[in-house]
Amino acid sequence: MTSRQINRQWLLARRPEGAVKPTDFVYNEVPLPTLGEGDVLVRTLYFGYDASQRIWLTEDGGYMPPIQLGEPMRTMGIGQVVESQNTEYEVGDLVEGFMSWQAYVIARSDGPMPLRKLPKASYPLSWNLSVLGVAGLAAYFGVTEVLSVTPEDTVVVSAATGATGSLAGGIAKALGAKKVIGIAAGPEKCRWIVEKAGFDAAIDYKNESLVERLKELCPNGVSAYFDNVGGDTLDALLLHMAPQGRVLICGAMSSGYTDVQIQGPRNYMQICTQMLTVKGIHLFFYRDRLEEGAAHLACLLAEGRLGVEENVFEGFEKAPELLPTIFSGKKPGKLLLKVGEPV
Ligand SMILES: NC(=O)c1ccc[n+]([C@@H]2O[C@H](COP(=O)([O-])OP(=O)(O)OC[C@H]3O[C@@H](n4cnc5c(N)ncnc54)[C@H](OP(=O)(O)O)[C@@H]3O)[C@@H](O)[C@H]2O)c1
């Protein structure tokens, strides 16, 4: 077989118990798949890393079907169409959407998220998986529509050096929020939040008292909280929300996502006594508005009102070893793996 006929893949070898490990995956080679009606064959160029990949590895799978043993690991990705049985996509098109850890994937446009045809643009291709991908879009719709941040707001963001959190803070600043505070682990990340990401202040949840720092930085309470972590951090924030404040549940990183059953907050009655609004966000509900969100984000970027941080590795062989770092400590920004070049 020529290299064009061989498909390289990383398969799920064993269901992880606790933290996911590189050895939960095994390398494999198979012939290229054959296309059916509506299918598009895509050569993969970038894989994006998302905490939700850990949820898909549970028996339950959460909001998507679980990845079965022997199946390629699912990922959000960017690729280039090499063969098409779908009139909407032509050979050479660059696309973004659900893919898997394979050199070639069959992609379809009728999944829970569209296979987006990427516009010709002057910005880097990888941005379509970071600031214009799930992280940026969840941050954008979360801040502008769910939290409806205004210049009156004191905003707090957890996992603030993460792909989503860093952009959520940046978008809140771009909307003119009065004060934007990020929460992260360690002094180095906290410095990055203020000096690079442009937040007004940072709280180091590993070395400082979250409650004391919230009192100090937000004497009138927090009016909008963008929660990426849940757990003790959410509990501390519930105690420190301003009356009628808004809380957005975007993720629950502190759970490690090893199970779909996640402990809710202990300070639950604060929702009642402070008349808080708690809402979730899930991008599947914005399926038909992703282009719109990406266009708004592209404007903020073009105007220099939003920064982008990417953490790009290279090489198909690295796919499994990067996944655990999402939970065990990674550099600020979106974690990406480059596996090919467009032609
Ligand atoms: N609802 C949606 O549609 C949607 C879309 C995109 C993302 N999300 C969610 O948003 C959250 C953040 O995703 P992301 O892609 O921005 O993350 P990311 O870039 O992978 O970064 C993950 C962040 O989580 C923090 N973290 C890791 N373990 C933690 C723990 N035990 N407690 C507290 N923080 C921890 C890390 O920061 P520290 O080192 O500072 O702890 C890290 O910055 C995830 O929960 C993800 O599922 C939801």
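First listed ligand is number 1; within each ligand, the first listed atom is number 1. Keep in mind it's a predicted model, so treat the numbers as computed, not measured. The first residue in the sequence is number 1, and the count goes up from there.
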re atom 37 (O) of ligand 1, the protein heavy-atom contact at minimum distance is K189 NZ, 3.8 Å
Using heavy atoms and a 4.0 Å limit, tell me yes or no: is F284 in contact with ligand 1? no
4.0 Å heavy-atom contact, K334 with ligand 1: no
Is it the case that Y257 and T58 place a side-chain donor and acceptor less than 3.5 Å from each other? no
Less than 4.0 Å is my threshold; does some heavy atom of K330 fall inside it relative to ligand 1? yes
List every atom of ligand 1 that sits less than 4.0 Å from any heavy atom of G162, numbering the atoms from 1 in the order shown and giving each element. 16 (O), 18 (P), 19 (O), 21 (O), 43 (O)
For I326, state whether at least one heavy atom is located under 4.0 Å from any atom of ligand 1. yes
Does ligand 1 have an atom that lies less than 4.0 angstrom from a heavy atom of G333? yes
K178, K179, K173 screened by side chain to side chain donor-acceptor pair (under 3.5 Å) with D200, the one that passes: K173
Under 4.0 Å between heavy atoms, the region of A252 that gets near ligand 1 turns out to be backbone
Protein contact to atom 1 (N) of ligand 1 [nearest heavy atom, distance to 0.1 Å]: I281 O, 2.9 Å
Do D39 and Q85 have side-chain atoms, one donor and one acceptor, less than 3.5 Å apart? no
Looking only at protein heavy atoms, what sits closest to atom 3 (O) of ligand 1 is L283 N, 3.2 Å
Is it true that D153 and R246 make a salt bridge, defined as a side-chain N closer than 4.0 Å to a carboxylate O? yes
Any C250 heavy atom less than 4.0 Å from ligand 1: yes
Using distance alone, with no hydrogens and no angle criterion, decide if S158 and N228 have a side-chain donor and acceptor under 3.5 Å apart. no
Contact check: Y49 vs ligand 1, nitrogen or oxygen atoms, below 3.5 angstrom: no
for atom 30 (C) of ligand 1, nearest protein heavy atom and its distance come out as S254 CA, 3.7 Å
Verify the contact flag for atom 42 (C) of ligand 1, where contact means a protein heavy atom under 4.0 Å away. no
Atom 47 (O) of ligand 1 [closest protein heavy-atom partner, distance rounded to 0.1 Å]: Y257 OH, 3.3 Å
